[in-house]
Amino acid sequence: MGGLTLARAVRRAVLLPTMLTFGVIVASGGLLLMIQKGMLAEVDTLSGRSYGARGPAGGGGDDGGDGGPGGRRGVQAAAGIGDKWKWDEDPEYQIIQDIRNRTIQNVCKPKTMPHNIFDLTSPQRRNLLKHILVNDKYRFLYCYVPKVACSNWKRVIKVLSGVLDNVHVQIKMDHKNDLVFLGDLKNSEIKYRLRHYYKFLFVRDPMERLLSAYKNKFGEIEAYQRRYGMEIVRRYRKHVGQSRGDDVTFTEFLQYLVDEDVESMNEHWMPVYNLCQPCAVTYDYIGSYERLQSDAHHVLRSIGAPLHVEFPQRQAWYKPITKETIHYYLCKVPQELLNELLPKYILDFSLYAYPLPNVTSEYCRH
């Protein structure tokens, strides 16, 4: 027991300054210097763990609070004895949760930040409401983030709604039909669900998500090659040549993102912050792609889903983005370009505790 206690104490001593570093860097404006020196790339990511409810401290207005199953007590009760979810018996877990919650609360605290969905601009609100899925039977809201297992979550939601018999039905996912979006409802219905329903989303390392979107959309989807690929080629090449938009380089893609307004980006590469607006909506649970199965299991038990409904396993053909893959692509990108890009995604890195990418010359030599 003594060894375990010591290990936890050491871990806590490491975690606190690690997360505080993010706040100091953002506040001091020293982000680019830290990127250039690779000082943030060695931070131990916390995203391999799951995180719990923000509780009443993060909410406010008509769309926050813990009046329904969303508060900490509600999540504990919903999880049930069978899960043995030990909120207060795992100090390490509690510290990670508190640090992350405090980071979100501090970022969202200023009066200039949106504190409910009606503080958002009309385009921001429309974008948010079309990304939040509603299930009235199990009283939950899910903000879907493309390239973070959202297709499988939609499959699960259709099973819970009775549209599909099980998550293994072999059909092409329809991302619109048989799904209810928060934007489909009246304002009074929206307010009620935001206040009383369990709310969750899943996040992923921002650079890994961008690389996944790049490889999928420009390597496999002809519609994206025609629409976005050709636009990128025309913008950033002197001669288009015979390109069909299927040969966009990762550097060209990132340059395109630098030049785009985050509010009008395609959802597959729009920052999670802009998609799900964590200051305007008090999420009860933020799961991690890196711990997808266990975090999804926790959500399903928290909402009271039937025990036979489980989150689908990744398909055998799925090729995950590895550290080696990220290394290969990022080390081909000019440092100056990354310096311009990363501030656009800094909230996704800092709020959800992901380390900034290491692209120092020393790292890229290996």
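Throughout, residue positions are numbered sequentially from 1 according to the sequence presented. Any value given below was found using the heavy atoms of this structure, including those in side chains, with hydrogens, waters and symmetry copies removed.
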Please name all residues satisfying ring-ring contact (aromatic ring centres under 6.0 Å, His included) with [X], sequence neighbours left out, ordered by chain then number.
| X | result |
| --- | --- |
| Phe253 | Tyr214, Phe218, Trp269 |
| Phe200 | Phe140, Tyr142, Trp153 |
| Tyr224 | Tyr228, His268 |
| His327 | Tyr363 |

Which pair of non-hydrogen atoms, one from [X] and one from [Y], has the smallest distance, and what is that distance?
| X | Y | value |
| --- | --- | --- |
| Gly287 | Asp295 | CA-OD2, 3.5 Å |
| Arg237 | Thr249 | NH2-N, 4.4 Å |
| Leu120 | Gln277 | CD2-OE1, 3.4 Å |
| Leu330 | Pro357 | CD1-CB, 3.4 Å |
| Val167 | Val159 | N-CG2, 3.6 Å |
| Asn135 | Ser161 | ND2-OG, 3.3 Å |

Minimum side-chain heavy-atom gap [X]-[Y] below 4.5 Å:
| X | Y | result |
| --- | --- | --- |
| Arg204 | Ile321 | yes |
| Pro206 | Tyr354 | yes |
| Leu351 | Pro278 | yes |
| Leu254 | Leu338 | yes |
| Val145 | Cys276 | yes |
| Val281 | Leu128 | yes |
| Leu211 | Thr325 | yes |
| Asn266 | Pro146 | no |

Give a yes or no on this: more than 12 heavy atoms of other residues, nucleotides or ligands lie within 6.0 Å of atom [atom1] of [X].
| X | atom1 | answer |
| --- | --- | --- |
| Asp165 | CG | no |
| Arg227 | CZ | no |
| Glu362 | CD | no |
| Glu189 | CD | yes |
| Arg244 | CZ | no |

Has [X] got a side-chain atom pairing as donor or acceptor with [Y]'s backbone, closer than 3.5 angstrom?
| X | Y | value |
| --- | --- | --- |
| Ser264 | Asp261 | yes |
| His196 | Lys191 | no |
| His115 | Cys108 | yes |
| Asn116 | Ala280 | no |
| Ser350 | Ile346 | yes |

*Ring center gap for Phe250 and Tyr329 short of 6.0 angstrom*: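 So the answer is yes for these two rings.
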
*Would the His297 and Phe311 ring centres measure less than 6.0 Å apart?*
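No; Phe311 has its ring centre 6.0 Å or more from that of His297.
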
*Any chain of hydrophobic side-chain contacts (each under 4.5 Å) joining Val163 to Tyr138?*
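Val163 does not cluster with Tyr138.
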
Enumerate donor-acceptor pairs with a distance under 3.5 Å from any side-chain N or O in residues 178-188 to protein atoms, sequence neighbours excluded.
unit_1, atom_1, unit_2, atom_2, d
Asp184, OD2, Phe181, N, 3.0

*Start with the C-alpha distance between Glu310 and Arg155, add both sets of side-chain angles, then the distance that settles salt bridge (Lys or Arg N to Asp or Glu O under 4.0 Å), and finish with yes or no.*
CA-CA 11 Å; Glu310 286 292 346; Arg155 184 178 291 268; over 6 Å; no

Answer yes when [X] and [Y] have at least one side-chain N-carboxylate O distance shorter than 4.0 Å, and no when they do not.
| X | Y | value |
| --- | --- | --- |
| Asp259 | Lys344 | no |
| Glu231 | Arg226 | no |
| Asp119 | Arg125 | no |
| Lys332 | Glu252 | no |

Rounded to the nearest 0.5 Å, how far apart are [atom1] of [X] and [atom2] of [Y]?
| X | Y | atom1 | atom2 | value |
| --- | --- | --- | --- | --- |
| Tyr198 | Ser302 | OH | OG | 4.0 Å |
| Asn358 | Met207 | CG | CE | 12.5 Å |
| Met113 | Asn106 | CE | CG | 11.5 Å |
| Gln293 | His298 | CD | NE2 | 15.0 Å |
| Ile190 | Arg195 | CD1 | CZ | 15.0 Å |
| Phe202 | Cys150 | CZ | SG | 12.0 Å |

*Passes side chain to side chain contact (heavy atoms under 4.5 Å, CB included), Leu275 versus Asn127? Steps please.*
CA-CA 7 Å; Leu275 287 171; Asn127 186 59; 4.1 Å; yes

Is it the case that [X] and [Y] place a side-chain donor and acceptor less than 3.5 Å from each other?
| X | Y | result |
| --- | --- | --- |
| Glu267 | Tyr144 | yes |
| Ser294 | Arg291 | yes |
| Asn274 | Glu263 | yes |

*Is there a side chain to side chain contact (heavy atoms under 4.5 Å, CB included) between Asp205 and Tyr289 once you walk through the steps?*
CA-CA 8 Å; Asp205 180 285; Tyr289 185 81; over 6 Å; no

*Could you list all the disulfide bond (SG atoms under 2.5 Å apart) pairs where at least one residue sits in residues 325-366, not counting sequence neighbours?*
Cys331-Cys364

_Evaluation steps, salt bridge (Lys or Arg N to Asp or Glu O under 4.0 Å), between Arg193 and Asp136_ = CA-CA 9 Å; Arg193 285 159 179 77; Asp136 286 325; 2.9 Å; yes

_Under the criterion side chain to side chain contact (heavy atoms under 4.5 Å, CB included), I'd like the reasoning laid out for Leu300 against Val156: C-alpha separation, chi angles, the key distance, then a yes or no._
CA-CA 9 Å; Leu300 289 172; Val156 169; 3.8 Å; yes

_Tyr283 vs Cys143, side chain to side chain contact (heavy atoms under 4.5 Å, CB included): CA-CA, chis, key distance, verdict_ = CA-CA 9 Å; Tyr283 290 97; Cys143 185; 3.5 Å; yes

